[in-house]
Amino acid sequence: MSTTKIRGDFSRRDLLRVGAMVSVAPLVAGVTSCGPGGPHTESRNGKLATLPAYVDPPQIDGSILPKVPGVPIGYTKLPLELVTTVPEPPGRGGPLTHFSITWGAPETPLANNKWWQGLNKRLSCDFQMTSVPASNYDAKFATMLASGQLAEVVQLMNTAACTKAVQQGAFADLTDDLVGDKIKEYPNLANVRPDQWEASSIGGRIYGVPIDIPAVQPQFRLRTDWAEKLGLSKNPETAEELADLLTAMSKGRPAGGKQAWGVTAYPGTIAVVANAMFHVPNQWRLTDGKLENMIETDEYAAALGWLRDLWAAGAFHPDALALGTQSAKDLGLISSGQVGLSSVSAQNWYLPGPYRTAIDAGGLEPYVPRKHDGSGPALFARSSGSYGINALSAEAAKDPKRRKEMLRIFNYLRAPVGSAEWYYCKYGEPGDYYEPRTTPGLPKAIEGRNITTDRGTLYYGCAPQAWIFPEVAECMKINEEMVASSAPDPVQGLLSATNDARAAQLSQLGQTYVNAIISGQRPLTDLEEYRTKWREQGGDKIRDEYQQALDTRE
Amino acid sequence: MTQLTTSGGSGTTSSPASAEEVTAAPRSATPSLGTRIWRERYAYLMVVPGLVYFLLFHYLPLAGIVIAFQDYSPFLGFAGSRWVGFDNFLAFASDVDFAATIANTLVISGLQLLLAFPLPIALAVLLNSLLSERVKRLVQSVVYLPHFLSWVIVISVWQQVLGGAGAVSQALQAAGMDPLTVMSDPSTFKFLVTAQVIWKDTGWGTIIFFAAISGISSELYESAACDGASAWRQIWHVTLPALVPVISLLAILRLGDVLTVGFEQLLLQQPSVGAEAAQVLDTFTYFRGVRGNDWGIGAAAGLLKGIVGTALVLGANRIARRFELGGIL
Amino acid sequence: MERPHPLVTGLKAVVIVAIVVIMVCPLLTVVLTSFASPEAVLWFGVWPSSWTLSAYKSVLGGGIVTRAMTVSVAVTVIGTVASTAVTAMLAYGLTRTRHAPGLRGVLWLVLVSMLFSAGIIPNFLVVKSLGLVDSYAALILPTLVSAFNMVVMRSFFMEIPAEVLDAARIDGANEVRVFWSVVLPLSRPVMAVIALFYGVSYWNAFFNALIYLNTPTKWPVQLVLNQFVLQGSPLDQMENPDIGATAPQAVQMAVVVIATLPILLIYPFVQRHFTKGMMLGAVKG
């Protein structure tokens with residue numbers, strides 16, 4: 001249901017929470033260039049012709065390979081011996097400028113930053129960074145382009161601005177360096193899944209190394225202790241049972257003296273759950289070669305009706321619509337134990353932090369929604385596996401030697417879990433931030449040292465997903481159940497110029513109608529009005545453009 | 001700063017002899033242009049640094065307003081981007097939401113002008129009429145505080161107090177009544193927005209008026225009191241007239257900004273009440289311009305605002321001069 | 001002055017107390033929430049059930065905020081002085097619009113510039129061509145003079161009776177001397193107010209820093225703290241057991257408190273210049 005999250009909304013907490021791609025607007029496409037592009041690229045649309053080869057990362061003791069592709073590899077422990085995947089320093093010395101997003105404070109300056117100094121030594125380069133606050137990425141990216149001085153390595157997001165810049169030739173086409181077996185020259189990059197390459201390709205070409213996220217990011221949790229107290233099912237099988245439970249949670253004061261609700265924010269967890277239960281397509285549905293947008297489907301209407309009834313029954317927090325934009329407040333409700341159905345990125349339930357604390361307090365059990373009538377599994381939205389790419393500026397990559405050097409550096413940073421390079425990036429030199437290890441397992445932090453403030457965003461973006469915690473098997477099992485019953489967005493990897501221009505506006509339209517329908521301000525029949533307006537304000541054009549792209553691909 | 005005249009004083013310097021000399025043809029009694037310039041040379045000198053600043057950092061960038069007439073791309077720059085003439089303006093004016101957006105913008109602006117603009121004056125006068133200096137200072141030091149909170153915090157805090165699950169609602173529910181819905185009701189939204197602006201900026205707005213009041217000579221109050229004027233009459237005949245120049249100045253400047261009614265405040269609350277109630281020119285431009293990577297539309301909107309603002313400032317200034325209320329020149 | 005009617009005083013008191021309560025209570029909420037621990041529930045939406053300092057520790061740890069504070073303080077002080085000086089000179093110069101040919105045009109030029117803006121990119125390109133990108137000067141120069149402040153100052157200068165200025169001129173003073181020795185001393189309230197406006201504006205500024213700075217060491221405090229407010233979940237929260245769990249909302253509020261405190265401390269010192277206690281002595285005659 002959440003038609004409000006557009007590609008550009010890459011707030012980190014959203015990524016942590018429900019995954020940027022999972023609850024995304026109906027109009028978002030994968031990153032592709034084509035259509036009425038600039039004079040610099042060929043007018044080519046469609047999927048990547050040949051994919052880079054895929055190689056499993058080296059098996060280390062304690063690693064669990066997923067049974068379903070798209071689930072990250074889990075690690076229960078870290079062996080004492082680490083594999084070396086990069087025998088020689090990849091760089092040739094000299095500076096390497098970066099442009100990267102940050103969700104926190106910037107990194108400690110080089111002079112005082114042991115980790116950064118060590119990184120420079122290991123990479124044999126002078127790693128220079130411009131950190132850009134996430135909320136202002138657009139403005140900074142634009143000024144960087146306008147100034148004519150692009151950084152050599154730029155983190156591109158799935159925004160219209162980035163796509164346009166790629167189309168106009170600002171960034172280097174790396175396809176020929178990486179397709180097929182060529183990628184084996186950079187063995188760690190071969191760990192990137194084929195679906196991630198495909199999803200992050202632009203106009204059928206590769207422009208950078210994708211940032212790794214799981215195919216289905218969130219894990220849902222239910223307050224089963226409340227369910228027990230209220231005398232209701234701890235594992236609702238049907239949408240009706242879930243609705244009854246959530247309503248009872250909001251009305252029955254299961255948390256004693258403090259306020260409690262079944263559902264807090266809209267859009268949020270409940271939107272994703274509703275979409276999954278009612279088998280709402282992931283943005284678009286392709287039937288017999290014809291495209292249909294999610295909002296045009298009957299499943300969408302059903303899910304919308306269910307949410308509306310849920311609101312009318314009183315299951316929602318009274319300020320749910322506002323909470324949809326106040327992530328800090330909303331997440332805080334999980335820690336303070338006031339919400340019945342919640343979700344965050346799967347690993348965050350297990351890693352040390354406030355959500356772990358909430359779980360340890362008890363009563364919060366994993367929950368996998370089923371199909372609304374209980375007759376089978378729900379259908380989850382499968383993300384593209386990436387929300388951005390690390391690209392090379394066209395200028396910098398003109399020199400083949402330089403290009404290879406930068407790819408080698410990517411190779412280093414993409415080193416898999418269990419490798420010496422990865423260990424350094426994650427934990428630094430033994431003794432600097434973490435105690436040297438004498439037994440297998442995770443190292444112990446040295447008090448007073450904080451590697452995250454030193455590392456800042458220097459490492460972010462290139463690293464592989466690392467699910468390392470004791471309960472990883474359980475986490476993987478739950479994730480596998482969801483990924484096994486998930487559907488990708490059929491227009492992923494294709495581009496529509498109208499979508500780029502209109503997505504935000506159409507998302508706003510959706511927000512106006514959907515929020516009002518669910519909260520009862522408008523009748524359910526207004527859905528027709530919404531659909532009509534959506535078509536008129538660009539929806540039809542977008543559909544035509546995607547359809548064209550699909551047809552030419554055949 | 002002292003006030004020479006009392007009620008009705010316009011406050012603008014009046015050098016009777018020099019009123020029209022700028023445009024008059026040279027006559028034997030009027031000095032030549034060169035002489036006048038030389039006489040005022042120090043004034044010109046003092047003006048230079050500020051003028052250079054405005055030329056360099058405001059007018060030079062204004063050359064970039066050509067973006068409004070282009071399909072601008074940062075990478076291609078001004079030279080490489082395609083010219084589209086008035087297409088950006090048309091796109092925006094023919095947009096299906098444009099009329100509603102302008103209507104919202106004007107209504108909210110009107111409400112703010114009507115309700116939010118006069119309150120700092122009233123508050124300043126009220127505080128000034130307190131006898132105790134200490135209380136006056138203390139209260140003044142408190143009421144300006146909300147100005148420093150960003151809108152994200154203001155809205156979050158208002159919700160904690162006035163939201164459906166907020167403090168007031170909890171109290172109401174404990175008393176058996178229905179909780180508040182004011183923060184998610186589209187029909188009262190414009191008043192909510194104005195109330196928020198009042199809360200946030202009234203205290204801060206009193207500062208200028210305090211400065212103006214502090215310049216009023218106490219002799220004026222004393223002589224008014226001697227004439228038997230009550231406290232209220234003193235305010236009417238001494239305090240308020242002293243504030244007229246500042247008030248008219250601020251009103252004129254405020255009119256220049258009539259199409260700017262806030263951005264973050266409205267953007268954050270739009271999900272709760274819908275675009276029909278909450279969309280204003282700046283958020284409209286944001287969703288079509290910035291998010292759609294369409295720089296032309298943003299620039300076109302900026303140009304539109306500037307033209308409307310200039311016309312209003314000129315008009316308001318003329319009216320102010322006509323009624324001897326001050327004005328800018 | 002006669003003693004006011006007790007009913008009127010009573011009414012005034014009620015109104016003032018009401019205003020103070022309305023303004024202060026939500027602020028109290030901000031401060032209280034900043035001490036809330038993650039499991040805490042806010043009683044009546046305001047009082048945390050359990051308290052902790054972890055929000056402050058997480059924001060202030062790492063030395064980034066202290067470094068940014070230094071930058072902010074320096075930029076604010078230097079900027080305020082420079083801005084107030086240039087603005088005052090411009091404002092006074094422009095009081096001569098009736099006497100000096102062309103100054104009227106300059107005044108309009110300045111006014112109109114307030115109403116039009118070319119947007120981020122043209123401004124960036126100008127700053128870049130002046131070689132100011134990634135320099136501290138970029139935090140001061142592009143916003144050196146506010147047309148609004150200038151017009152307000154000019155309006156106050158124009159209130160000074162002509163006789164006072166003429167008296168000084170007849171004594172042989174040039175305009176600069178008149179400005180320095182007569183106008184400025186008489187204009188303490190407006191100078192204090194405009195200096196305050198500039199000070200607050202420099203302290204709160206973060207967008208210019210965002211666009212023009214590339215080196216994180218140069219970030220002013222608002223830019224650093226803005227990260228916490230919007231995202232509400234510091235990057236290191238997940239991984240640093242030293243701090244203990246922090247509530248995202250508490251962090252947001254702690255940030256507000258830290259960011260606003262310095263200006264709040266300055267205010268009382270500025271206030272005394274524009275409240276009535278400061279009598280400037282009779283100027284007439």
Side-chain angles (χ1 to χ4, degrees), chain B residues 1-2 4 11-13 15 18 22 33 36-37 40 42-43 46-47 49-51 53-54 57-58 60-62 64-65 74 133 137 139 141-143 145-146 148-149 152-153 157 160-161 166-167 170 203 207-208 210-211 214-215 225 231 245-246 249 253 256 298-299 302 306 309-310 328-329, chain C residues 1 4 16 19-20 23-24 26-27 29-30 44-46 86 89-90 92-94 96-101 106 110 112-113 115-119 121-123 126 142 144-145 148 155-156 158-162 174-176 186-187 189-190 193 229 256 260 267-268 274-278 283-284:
Chain B
M1 178 192 81
T2 53
L4 181 63
T12 50
T13 37
S15 307
S18 59
V22 179
L33 187 63
R36 274 185 284 135
I37 291 181
E40 297 294 332
Y42 287 102
M46 295 178 79
V47 159
L51 182 59
Y53 163 79
F54 278 102
F57 288 99
H58 284 266
L60 190 52
L62 266 185
I65 208 82
E133 269 303 311
R137 289 254 184 94
V139 173
S141 303
V142 155
V143 294
L145 292 175
F148 289 96
L149 303 179
V152 174
I153 305 291
V157 162
Q160 265 176 283
V161 177
Q170 285 185 47
I207 294 180
I208 282 194
F210 273 113
S214 76
V246 185
L249 175 69
L253 292 178
T310 309
I328 294 188
L329 289 188
Chain C
M1 220 184 319
I16 294 207
I19 292 176
V20 169
M23 299 285 174
V24 167
L27 297 171
T29 308
V30 169
F44 279 98
V46 293
V86 176
M89 291 202 298
L90 181 62
Y92 183 69
L94 287 178
R96 308 293 299 162
T97 43
R98 282 184 197 270
H99 303 265
V106 171
V110 168
V112 165
S113 78
L115 302 167
F116 288 91
S117 167
I121 292 186
N123 281 296
V126 167
L144 189 66
V145 182
F148 177 87
S155 166
F156 277 65
M158 305 266 274
E159 293 292 309
I160 299 178
N174 63 35
E175 285 306 321
V176 178
L186 287 178
S187 303
V190 71
V193 167
V229 172
V256 172
T260 320
Y267 184 78
F274 57 78
T275 47
K276 198 143 194 296
M278 198 79 191
V283 177
K284 287 192 311 177

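Only heavy atoms go into these numbers, but all of them, side chains included; no hydrogens, no water, no symmetry mates. Protein chains get the first letters and strands the later ones, always in sequence-line order, with residue 1 at the start of each.
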Checklist line | Side chain, backbone, both or neither of Ser113(C) within contact of chain B (heavy atoms, under 4.5 Å) | finding: both
Check: Which one, Val30(C), Ile121(C), Leu94(C), leads in non-hydrogen pairs under 4.5 Å with chain B?
Finding: Ile121(C)
Check: Going by heavy atoms in the side chains, are Ile37(B) and Pro101(C) under 4.5 Å from each other?
Finding: yes
Note to self: Report which part of Ile16(C) has an atom under 4.5 Å of a heavy atom belonging to chain B: side chain, backbone, both, or neither.
What the structure shows: side chain
Notebook entry, point to check: Most heavy-atom pairs under 4.5 angstrom with chain C, which of Ala299(B), Ser141(B), Gly203(B), Gly298(B)?
Noted result: Ser141(B)
Item checked: Gap separating the CZ atom of Arg96(C) from the CZ atom of Arg36(B), nearest 0.5 angstrom -> 12.5 Å
Check: With chain C, which of Leu149(B), Ile208(B), Leu51(B) has the greatest number of heavy-atom pairs at distances under 4.5 Å?
Finding: Ile208(B)
Margin query: Which one wins on heavy-atom pair count under 4.5 Å against chain C: Phe148(B), Tyr53(B), Phe54(B)?
Written below: Tyr53(B)
Check: Which answer fits Val143(B), side chain, backbone, both or neither, if we ask what part of it has an atom under 4.5 Å from a heavy atom of chain C?
Finding: both
Note to self: Tell me the closest heavy-atom pair linking Pro49(B) and Met46(B), and the distance in Å.
What the structure shows: CD-O, 3.4 Å
Next item on the list: Answer with side chain, backbone, both or neither: which region of Val145(C) has an atom nearer than 4.5 Å to a non-hydrogen atom of chain B?
Entry: both
Next item on the list: Heavy-atom pairs under 4.5 Å with chain B are the metric here; pick the option from Val24(C), Val176(C), Val20(C), Val190(C) that has the most.
Entry: Val176(C)
Next item on the list: Look at Val86(C), Asn123(C), Asn174(C) and state which one has the largest set of heavy-atom pairs under 4.5 Å with chain B.
Entry: Asn174(C)
Notebook entry, point to check: Leu62(B) versus Phe116(C): any side-chain heavy-atom pair under 4.5 Å?
Noted result: yes
Check: Looking only at heavy atoms, what is the nearest atom pair of Val126(C) and Pro61(B), with distance?
Finding: CG2-CG, 3.7 Å
Item checked: Smallest separation among heavy atoms of Gly64(B) and Pro122(C), with atom names -> CA-CG, 3.7 Å
Next item on the list: Measure distances from Leu60(B) to the heavy atoms of chain C and classify the residue's part below 4.5 Å as side chain, backbone, both or neither.
Entry: both
Check: Relative to chain B, which segment of Pro142(C) carries a heavy atom at a distance below 4.5 Å: side chain, backbone, both, or neither?
Finding: both
Check: Within the side chain of Tyr92(C), is there an N or O that forms a donor-acceptor pair under 3.5 Å with the backbone of Val47(B)?
Finding: no
Next item on the list: Under 4.5 Å, counting heavy-atom pairs only, tell me which of Ile65(B), Val142(B), Leu249(B), Val246(B) racks up the most with chain C.
Entry: Leu249(B)
Notebook entry, point to check: Which bit of Val112(C) comes within less than 4.5 Å of chain B, counting heavy atoms only: side chain, backbone, both or neither?
Noted result: both
Note to self: For the CG atom of Leu115(C) and the NE2 atom of His58(B), what is their distance to the nearest 0.5 Å?
What the structure shows: 11.5 Å
